Amino acid sequence: MGFGLLLIGYMFAFVASAGMGTYLFAGMLIGGFLMYLGLCELRKYSPAFIFALVGSILIILCSFWGTMVWIDSFFSLGVGFSSGIWSTVYDWIKLVVNFAFNLALLFGISDLSRRVELLETRQKAIRNIILVILFNAYQILLFFPIGFIKSDQAFFLTILLILRLLYTILNAWLLFKCYAMICPEGQEDMPKKRSRFEFVNKIRDAKDAKEDKAIEEMKEYYESKLKAKNQKKRSKNKNKK
């Protein structure tokens, strides 16, 4: 459906690239391209993914700019791409693009979850939107020369790293859950692929049985409530007569 490619691309662009140092642009390029392919497919099921699709293109363009910065710096070409001003401009643009992409991606997931009536997934997408906004607001705050922040930059940068790690992991996990739970129309009743490990199958079977029981109990509860309501209504109409 597209969530598989989207998940792998997200891991490259926002997880693997964080440990690549000066080669960050490579993770962004690979990740951006994979996310673009996944989002092209997902846009068929929710038009809201168009914003994230545009965002993935911007991530690819940012990775090209990052490539030019790296080439200019590594080979000492003196073109100016690695100069302080352009480097700062690039950092700000990358910050805005990453922020906009994550918001657009979570908005698309929220919309698709609403369409397929996965309320819990939609709530998690909204929760992650709040985390992304908080992270970026905090990141922008660190750019300003505030006294108590300057006095202990290591501490505040550690908090920034923790926040980024938190929202990135939560977003990746949300994408994985979407990959596992949301499927194209017509494939809802297809049996799940069995694992080669029997203990994994037993855990899955127990979980599925528990969910089926909960659904059945909820169905019986609402049926009993509806039945009681109808009886009360009939009794009331009978008394009027």
Side-chain angles (χ1 to χ4, degrees), residues 1-71 90-91 93-118 121-122 124-129 131-132 135-136 164-165 167-188 190-193 195:
M1 185 177 180
F3 277 117
L5 283 172
L6 184 57
L7 173 60
I8 297 171
Y10 193 88
M11 294 297 288
F12 266 105
F14 293 97
V15 180
S17 63
M20 291 183 175
T22 55
Y23 300 100
L24 179 145
F25 63 88
M28 290 179 64
L29 178 60
I30 297 170
F33 181 68
L34 290 174
M35 290 191 296
Y36 171 80
L37 294 178
L39 288 163
C40 283
E41 185 68 21
L42 285 168
R43 194 166 65 91
K44 299 174 185 177
Y45 304 99
S46 173
F49 279 112
I50 184 63
F51 302 109
L53 183 64
V54 172
S56 68
I57 295 172
L58 293 177
I59 286 176
I60 294 171
L61 292 176
C62 277
S63 70
F64 283 134
W65 189 349
T67 303
M68 296 304 298
V69 171
W70 180 81
I71 291 173
Y90 170 67
D91 287 340
I93 290 177
K94 186 175 63 175
L95 186 152
V96 172
V97 168
N98 288 347
F99 173 60
F101 173 79
N102 276 283
L103 283 187
L105 175 62
L106 292 167
F107 173 70
I109 292 174
S110 174
D111 181 72
L112 182 59
S113 300
R114 177 185 59 81
R115 291 170 183 269
V116 298
E117 299 180 349
L118 286 174
T121 303
R122 186 168 185 264
K124 289 178 179 178
I126 294 172
R127 175 204 62 192
N128 288 11
I129 286 175
L131 281 174
V132 169
F135 168 79
N136 283 274
R164 173 169 180 168
L165 187 64
Y167 93 75
T168 303
I169 290 174
L170 287 175
N171 281 355
W173 179 248
L174 180 63
L175 288 173
F176 175 75
K177 295 295 287 184
C178 290
Y179 168 73
M181 296 175 64
I182 302 177
C183 61
E185 187 176 357
Q187 296 183 11
E188 298 89 345
M190 289 183 67
K192 294 180 180 178
K193 186 177 179 181
S195 171

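This structure is a prediction, so every number in the text was calculated from the model and none was measured.
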**Asked** Looking at side-chain heavy atoms only, is the closest gap between Phe49 and Leu112 below 4.5 Å?
**Response** yes

**Complete:** By ring pair (Phe, Tyr, Trp, His ring centres under 6.0 Å), Phe135 pairs with (sequence neighbours left out) Tyr167

**Request:** List the steps, then state whether side chain to side chain donor-acceptor pair (under 3.5 Å) holds for Asp111 with Tyr45.
**Result:** CA-CA 10 Å; Asp111 181 72; Tyr45 304 99; over 6 Å; no

**Message:** Within this structure, what is the CD1-CZ distance for the pair Ile8 and Phe3, rounded to the nearest 0.5 Å?
**Reply:** 13.5 Å

**Message:** Do Asn98 and Phe14 make a side-chain contact, defined as non-hydrogen atoms from C-beta onward lying under 4.5 Å apart?
**Reply:** yes

**Prompt:** Measuring from Leu105:CG to Leu42:CG, what's the distance to the nearest 0.5 Å?
**Reply:** 9.0 Å

**Complete:** One should read off an interatomic distance between Leu7 CG and Met35 CE, to the nearest 0.5 angstrom, of 11.0 Å

**Item:** Ser110 OG to Lys124 NZ distance, which is reported to the nearest 0.5 Å
**Value:** 13.5 Å

**Request:** Indicate the atoms forming the closest heavy-atom contact of Val97 with Cys62, along with that distance.
**Result:** CG2-SG, 3.9 Å

**Message:** If you apply the rule side chain to side chain contact (heavy atoms under 4.5 Å, CB included), what do you find for Leu106 with Leu174, and how did you get there?
**Reply:** CA-CA 9 Å; Leu106 292 167; Leu174 180 63; 3.7 Å; yes

**Request:** Keeping the roles fixed (side chain from Ser113, backbone from Ile109), state whether a donor-acceptor pair exists under 3.5 Å.
**Result:** yes

**Request:** Could you pull out the closest heavy-atom pair between Ala52 and Ala104, with the gap in Å?
**Result:** N-CB, 3.5 Å

**Request:** Please report the shortest heavy-atom distance between Leu53 and Cys40, naming the atom on each side.
**Result:** CD1-SG, 3.7 Å

**Item:** Approximate separation, where rounding is to 0.5 Å, of Ile59 CD1 and Met28 CE
**Value:** 6.0 Å

**Message:** Determine whether a donor-acceptor pair (N or O, by modelled atom type, separation under 3.5 Å) exists between the side chain of Thr168 and the backbone of Leu165.
**Reply:** no

**Request:** Nearest 0.5 Å please: distance from the CG atom of Leu34 over to the CG atom of Leu29.
**Result:** 9.5 Å

**Request:** Evaluate the criterion side chain to side chain contact (heavy atoms under 4.5 Å, CB included) for residue pair Phe101 and Val132; output intermediate values, then yes/no.
**Result:** CA-CA 10 Å; Phe101 173 79; Val132 169; over 6 Å; no

**Asked** Within a reach of under 6.0 Å around CZ of Phe176, are more than 12 heavy atoms found that belong to other residues, nucleotides or ligands?
**Response** no

**Residues Ile60, Phe64; criterion side chain to side chain contact (heavy atoms under 4.5 Å, CB included); working and verdict** = CA-CA 6 Å; Ile60 294 171; Phe64 283 134; 3.6 Å; yes

**Prompt:** What are the two closest heavy atoms between Gly108 and Ser46, and how far apart are they?
**Reply:** O-OG, 4.2 Å

**Item:** Closest non-hydrogen atom pair, Phe107 against Ala48
**Value:** CE2-CB, 3.6 Å

**Item:** Minimal non-hydrogen separation, Ser56 against Gly32, with atom names
**Value:** CB-O, 4.0 Å

